[in-house]
A.B. asks: 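Attaching a single structure in C-alpha cells format; questions to follow.
Quantities reported herein were computed from a predicted structural model and do not represent experimental measurements. Convention: sequence-line order gives letters A, B, ...; per-chain numbering from 1. Because only heavy atoms are used, hydrogens play no part in the values below, and waters and symmetry mates are left out as well, while side chains stay in.
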Number of protein chains: 2
Amino acid sequence: MAASIIDVARRAEVSTATVSRALRGLPNVSEATRERVLRAAEELSYAVSPHASSLASGRTGTVGVILPFVNRWFYSQVVAGIDSVLRANDLDILLYNLGDERVHERFFARMPPRRRVDALIVLNLPLSATESESLVSLEVPIAVLGTRIPGCWHVSIDNAEGTSTAVRHLINLGHRRIGMISGALGDPRGFTTPIVRQHAYRTVLAQAGIPYDPDLEAPGNLTIDEGASAMAQLLSLPDPPTAVFAESDQMAFGALRTMGRMGLRAPDDVSVIGFDNHETAELLDLTTIAQPVAYQGELLAQQILDALSGSSEEPAQVVVPTRLVVRGTTGAARVARPRHPSSPRPGPEPDQHSRTTAR
Amino acid sequence: MAASIIDVARRAEVSTATVSRALRGLPNVSEATRERVLRAAEELSYAVSPHASSLASGRTGTVGVILPFVNRWFYSQVVAGIDSVLRANDLDILLYNLGDERVHERFFARMPPRRRVDALIVLNLPLSATESESLVSLEVPIAVLGTRIPGCWHVSIDNAEGTSTAVRHLINLGHRRIGMISGALGDPRGFTTPIVRQHAYRTVLAQAGIPYDPDLEAPGNLTIDEGASAMAQLLSLPDPPTAVFAESDQMAFGALRTMGRMGLRAPDDVSVIGFDNHETAELLDLTTIAQPVAYQGELLAQQILDALSGSSEEPAQVVVPTRLVVRGTTGAARVARPRHPSSPRPGPEPDQHSRTTAR
DNA sequence: TTGTATGCGTTATCAA
DNA sequence: TTGATAACGCATACAA
C-alpha cells in the first residue's frame with residue numbers, strides 16, 4: 001500500500017496538517033520542520049492522492065478539452081498548443097471527443113466533467129442554447145474557440161476577413177468566375193464557421209459587382225475526398241470557375257487531386273486558394289489563408305490560467321489575425337479562355353448568367 | 001451547492017447505501033426503491049462526485065495516455081482509435097504529452113498518473129529501465145504501442161517485415177542503388193523503430209547482394225523539412241540513388257518536394273516509397289507501406305478493457321500486419337542512367353563502390 | 001432487500 | 001508556528 005499523509009506525519013513527528021502545509025509550500029512553516037517533512041516524504045516515496053486532495057480542496061488540477069475531432073490536423077495542433085501551456089502549470093488535460101453524435105448527446109446528458117475539472121476549453125463545437133447553459137452551470141471558467149458562449153472567454157480568427165482576403169486575392173488576379181468549396185454546411189450540429197465564410201464570399205463578390213451564382217458553391221465537408229468531389233462538380237459546370245476558394249486546405253488538396261486527374265493544372269487552368277496553412281500546403285505549393293493554429297490553443301490555455309488565478313475580472317475576447325500566403329496555385333486569370341471566349345469585363349454579365357441568378 | 005448522495009437519500013427516504021446501489025445498477029435493489037431513487041436523483045439533478053467515488057472505491061474511470069507528440073498525424077489517429085473504444089466504455093482519457101524533454105523528466109520524477117488512472121497506454125515512447133519500472137510500479141494494467149515493457153500488453157507492427165517489403169519492392173523494380181531516409185535515429189530518447197528499420201534495410205540489401213554504402217543512409221527525423229534535406233543530401237552524392245525508402249510518409253513528402261525543386265520527377269528520375277499510408281499519401285500518389293493506425297489504438301484500448309475486466313490472465317501481444325500500397329512514385333529502374341552508364345548487374349560492384357564499403 | 005457505520009486521504013478551520 | 005478535527009462525498013463490509 002502506498003504511504004499516506006499520516007505515515008509521513010508520524011515519521012516527521014508532526015501533524016498531518018503540517019505535512020500538508022509543508023508539502024504544498026505554504027507559509028507559516030518553519031524551515032526546520034519543512035525539511036523534516038520533505039525528507040520523510042522522500043523516504044516513504046510519498047505522493048498525495050489527487051482524489052483525496054480534490055475532494056478536500058475542491059480543486060482538480062485538470063482542464064477538460066471538448067472537441068469534435070481529435071484526429072484532424074487543426075485540432076491536434078490546437079491541443080498541442082493548449083497542452084504546452086497547461087503542462088507548464090501542472091494542469092492535466094482530460095479529453096472529451098464529441099465527434100460521434102451519440103457521444104455528444106450522452107455527454108450533455110451526463111456531463112462527465114462535472115466536478116471533475118477546474119475549467120473547460122471548447123473547440124469549435126456548435127452548441128445549442130441548453131447545451132451551452134449546461135456547461136456554464138458547471139460554474140468553472142470556460143474558454144471557447146471559434147463559436148460564442150455568453151459570459152465565456154473567447155479566441156477566434158476573423159473568418160469574414162480571412163475569406164474576404166482570399167476571394168479578393170482571386171478577384172485582383174482578374175478572376176470573375178470564382179467558385180467556393182464550403183465545409184460542413186450540412187452538418188446537423190450547425191457549425192457556424194462555414195456560414196460566416198459563405199456569407200463573406202458572397203458579400204465580396206457582390207461588392208465587386210460579380211453576379212451571384214449558386215452553382216459555383218459546392219459543399220465539401222472539410223475532407224480531402226469531399227473537396228475532390230466538390231471540385232469535380234464545379235468543373236463539370238457548363239461554365240466552370242476559373243478560380244476556386246476552398247474553405248480548408250484539406251478540401252483544396254482534394255480539389256487539386258481532381259484537377260490532376262482531369263489533366264488540369266493550377267493556376268494555369270484553375271486557380272485554387274485554401275484556408276488554414278496546413279502543414280502540407282507548402283508542400284503542394286498551395287496559396288492559402290494562414291491562421292496561427294497552435295497559438296490559438298496557447299491563448300485559450302492562457303485565458304484559463306488568467307481566469308483560474310482570478311487576475312482578470314472580465315472574460316477577454318481575442319481575435320487573432322489571418323494572413324494571405326501566396327504560393328503557386330493562384331495566378332492571373334487568362335484573358336481568353338477556351339470555353340468562355342469573351343474577355344473578362346467589369347460589371348455583371350446578365351445574359352450569360354440569367355439562368356442561375358433567376359433561381 | 002450541488003446535491004449530494006445524502007440529499008438524494010433523504011428525498012427518496014432510503015439510506016445512502018441504497019442510493020449508491022440503485023444508481024450504479026447493482027442487484028439486490030427492489031424495482032420500486034430503485035425507481036424512487038432514480039426519480040429523486042433526477043429531481044435534484046444529482047451527479048456523483050467522481051473524486052469521492054474514486055477515493056472510496058479506488059477506481060478512477062480514467063486511462064492515462066502517454067505519448068511523445070499530440071500534433072502529429074500518426075499519434076492523433078491512434079488517440080482517436082483509443083478514444084472511440086474507451087469512450088464507449090465510459091472511460092476518460094487523461095493526456096500526458098511528453099514531447100518536451102523537461103516535461104518527460106518531470107513526469108517521471110513526479111509520476112502524475114499515480115493513483116489517478118485505472119490503466120496506462122504508452123505510445124511509442126522509448127523508456128529507460130527505471131522509467132519502465134516506475135510505470136509498472138503504479139500497479140495498473142499497461143498497454144504499449146511499438147516498444148516493449150516486460151509484463152505489459154503490446155501492440156505493434158512488424159517493422160522489419162514492413163521495411164523489407166518496401167526495399168524488396170524497389171529491388172524487384174530493378175533498383176540497386178537504394179537510399180534510405182531514416183527517422184529520429186539521433187534522438188537522445190532512443191526510439192527503437194528507426195533502428196529496427198535501418199537494420200532491416202541493410203539486411204535486405206545484403207541478401208540481394210547489394211554492397212553496403214553508408215552514404216546512402218540519410219537521417220531525416222520524421223518531418224517534412226528534414227526529409228527534404230535528407231533527399232537533397234542523397235541527390236548530391238557523386239552516384240545518387242535511383243530509389244529511396246523513406247521511413248515515414250512525411251519524410252517522403254519532403255523528398256518529393258526536393259525532387260520537384262530540382263526538376264526531378266518520381267518515378268522517372270528517382271523512385272520513392274514511404275511508410276504509414278498517411279492521409280496525404282494518396283493525394284501525392286505515393287507508394288508506401290500501409291499500417292492500420294487508428295486500429296492499433298483500438299486494439300490498445302481493447303487490451304486495457306480486457307485487463308480491467310480481468311477476463312484475460314496473460315497480457316497479450318498483438319502484431320498487426322502492414323501492406324504494400326503501390327502507387328505512382330515507384331517504377332522500374334531505367335536500364336541506362338546518365339551518370340551511371342553501366343547497366344545494373346547482379347552481385348556487388350567492388351570497383352565502383354570500394355570507397356564507401358571500405359569505410 | 002435495506003440500513004449502519006466505517007474508511008478512503010486530504011484540506012481547511014479553528015484553537016492553542 | 002503547530003495541532004486537533006471536522007468536512008469532502010461516496011463505497012462497502014457487516015448487520016439486520
Side-chain angles (χ1 to χ4, degrees), chain A residues 1-38 40-41 44-62 90 110-118 138-139, chain B residues 1-38 40-41 44-62 111-118 138-139:
Chain A
M1 205 55 208
S4 88
I5 198 173
I6 300 181
D7 304 318
V8 179
R10 257 202 287 272
R11 186 166 193 117
E13 295 178 304
V14 292
S15 70
T16 60
T18 300
V19 172
S20 178
R21 284 187 286 249
L23 256 33
R24 284 182 296 155
L26 295 187
N28 303 329
V29 178
S30 77
E31 262 323 300
T33 51
R34 188 189 301 278
E35 268 188 37
R36 265 216 322 287
V37 170
L38 255 44
L44 295 171
S45 69
Y46 165 79
V48 304
S49 158
H51 295 296
S53 176
S54 299
L55 190 55
S57 71
R59 279 171 261 107
T60 67
T62 304
D90 279 326
R110 320 193 359 163
M111 276 291 136
R114 188 198 308 251
R115 309 203 235 193
R116 216 159 158 13
V117 300
D118 291 338
L138 260 32
E139 300 190 322
Chain B
M1 204 56 205
S4 90
I5 197 172
I6 299 182
D7 303 318
V8 180
R10 258 202 287 273
R11 186 168 193 113
E13 295 178 305
V14 292
S15 71
T16 60
T18 300
V19 172
S20 177
R21 285 186 286 249
L23 256 33
R24 285 181 298 152
L26 294 187
N28 302 330
V29 177
S30 77
E31 261 325 299
T33 51
R34 187 189 303 279
E35 268 188 37
R36 263 215 322 286
V37 170
L38 255 45
L44 295 171
S45 70
Y46 166 78
V48 302
S49 158
H51 296 296
S53 175
S54 299
L55 190 56
S57 71
R59 279 172 261 106
T60 67
T62 304
M111 276 291 138
R114 188 198 307 252
R115 311 203 234 190
R116 215 159 159 16
V117 300
D118 291 338
L138 260 33
E139 299 190 321

A.B. asks: Which heavy atom of T60(A) sits nearest a heavy atom of R115(A), and at what distance?
C.D. replies: CG2-O, 4.0 Å

A.B. asks: Could you check whether any side-chain heavy atom of D7(A) comes within less than 4.5 Å of a side-chain heavy atom of Y46(A), counting everything from C-beta outward?
C.D. replies: no

A.B. asks: We want to know whether R24(B) and S20(B) form a side-chain donor-acceptor pair, criterion being a heavy-atom distance below 3.5 angstrom.
C.D. replies: yes

A.B. asks: Give the rounded distance in Å between these two atoms: NE2 of H51(A) and P of dA11(D).
C.D. replies: 13 Å

A.B. asks: Nearest-Å distance, CZ (R36(A)) to P (dT1(D))?
C.D. replies: 15 Å

A.B. asks: Could you tell me the separation between the CZ atom of R116(B) and the C1' atom of dC8(C), rounded to a whole number of Å?
C.D. replies: 17 Å

A.B. asks: I need the CZ-P distance between R34(A) and dT1(D), as an integer number of Å.
C.D. replies: 10 Å

A.B. asks: Using atom CD1 of I6(B) as one end and atom C1' of dG3(C) as the other, report the distance to the nearest whole Å.
C.D. replies: 14 Å

A.B. asks: Less than 4.0 angstrom between a side-chain N/O of T18(A) and OP1 or OP2 of dT1(D), yes or no?
C.D. replies: no

A.B. asks: Verify the contact: side-chain N or O of R59(B) to OP1 or OP2 of dT12(D), cut-off strictly under 4.0 Å; return yes or no.
C.D. replies: yes

A.B. asks: Nucleotides 4-6 of chain D: which of its N/O atoms have a protein N/O under 3.5 Å away?
C.D. replies:
none

A.B. asks: Which pair of non-hydrogen atoms, one from G61(B) and one from D118(B), has the smallest distance, and what is that distance?
C.D. replies: N-OD2, 2.8 Å

A.B. asks: Which of the following nucleotides, dT11(C), dT10(C), dG9(C), is nearest to the side chain of S20(A)?
C.D. replies: dT11(C)

A.B. asks: For the side chain of R24(A), starting at C-beta, report the closest nucleotide among dC8(D), dC10(D), dA12(C).
C.D. replies: dA12(C)

A.B. asks: Identify the heavy atoms of A22(B) and L38(B) that sit nearest to each other, and give their distance.
C.D. replies: O-CD1, 4.4 Å

A.B. asks: Calculate the interatomic distance between L44(B) atom CG and dC10(D) atom P; express it in whole Å.
C.D. replies: 12 Å

A.B. asks: Give a yes/no answer on whether the side chain of S30(B) brings an N or O atom under 4.0 Å of OP1 or OP2 in dT2(C).
C.D. replies: yes

A.B. asks: Does atom CG (L26(A)) have a neighbourhood of more than 12 heavy atoms from anything else shown, all under 6.0 Å?
C.D. replies: yes

A.B. asks: Starting from C1' on dG9(C), measure out to CZ on R10(A) and report it in whole angstrom.
C.D. replies: 13 Å

A.B. asks: Quick check on DNA chain D: between P50(B) and V14(A), whose nearest nucleotide comes earlier from the 5' end?
C.D. replies: V14(A)

A.B. asks: Checking S57(B) side chain against S53(B) main chain: does a donor-acceptor pair fall under 3.5 Å?
C.D. replies: yes

A.B. asks: Do R116(A) and T62(B) have a side chain donor and acceptor closer than 3.5 Å?
C.D. replies: yes

A.B. asks: From the set dT2(C), dC10(D), dC8(D), return the single nucleotide nearest to any side-chain atom of T33(B).
C.D. replies: dT2(C)

A.B. asks: Check the distance between dC8(C)'s C1' and R115(B)'s CZ and give it to me in whole angstrom.
C.D. replies: 10 Å

A.B. asks: Which part of the nucleic acid, if any, lies within contact of A47(B), taking any heavy atom under 4.0 Å across all strands shown: a base, the sugar-phosphate backbone alone, or nothing?
C.D. replies: sugar-phosphate

A.B. asks: Let me spell it out: for each of V29(B) and S57(B), pick the nucleotide of DNA chain C with the closest heavy atom. Which residue's pick is nearer the 5' end?
C.D. replies: V29(B)

A.B. asks: From the list dA12(C), dT1(C), dG3(C), which nucleotide is the closest neighbour of the side chain of N28(B)?
C.D. replies: dT1(C)

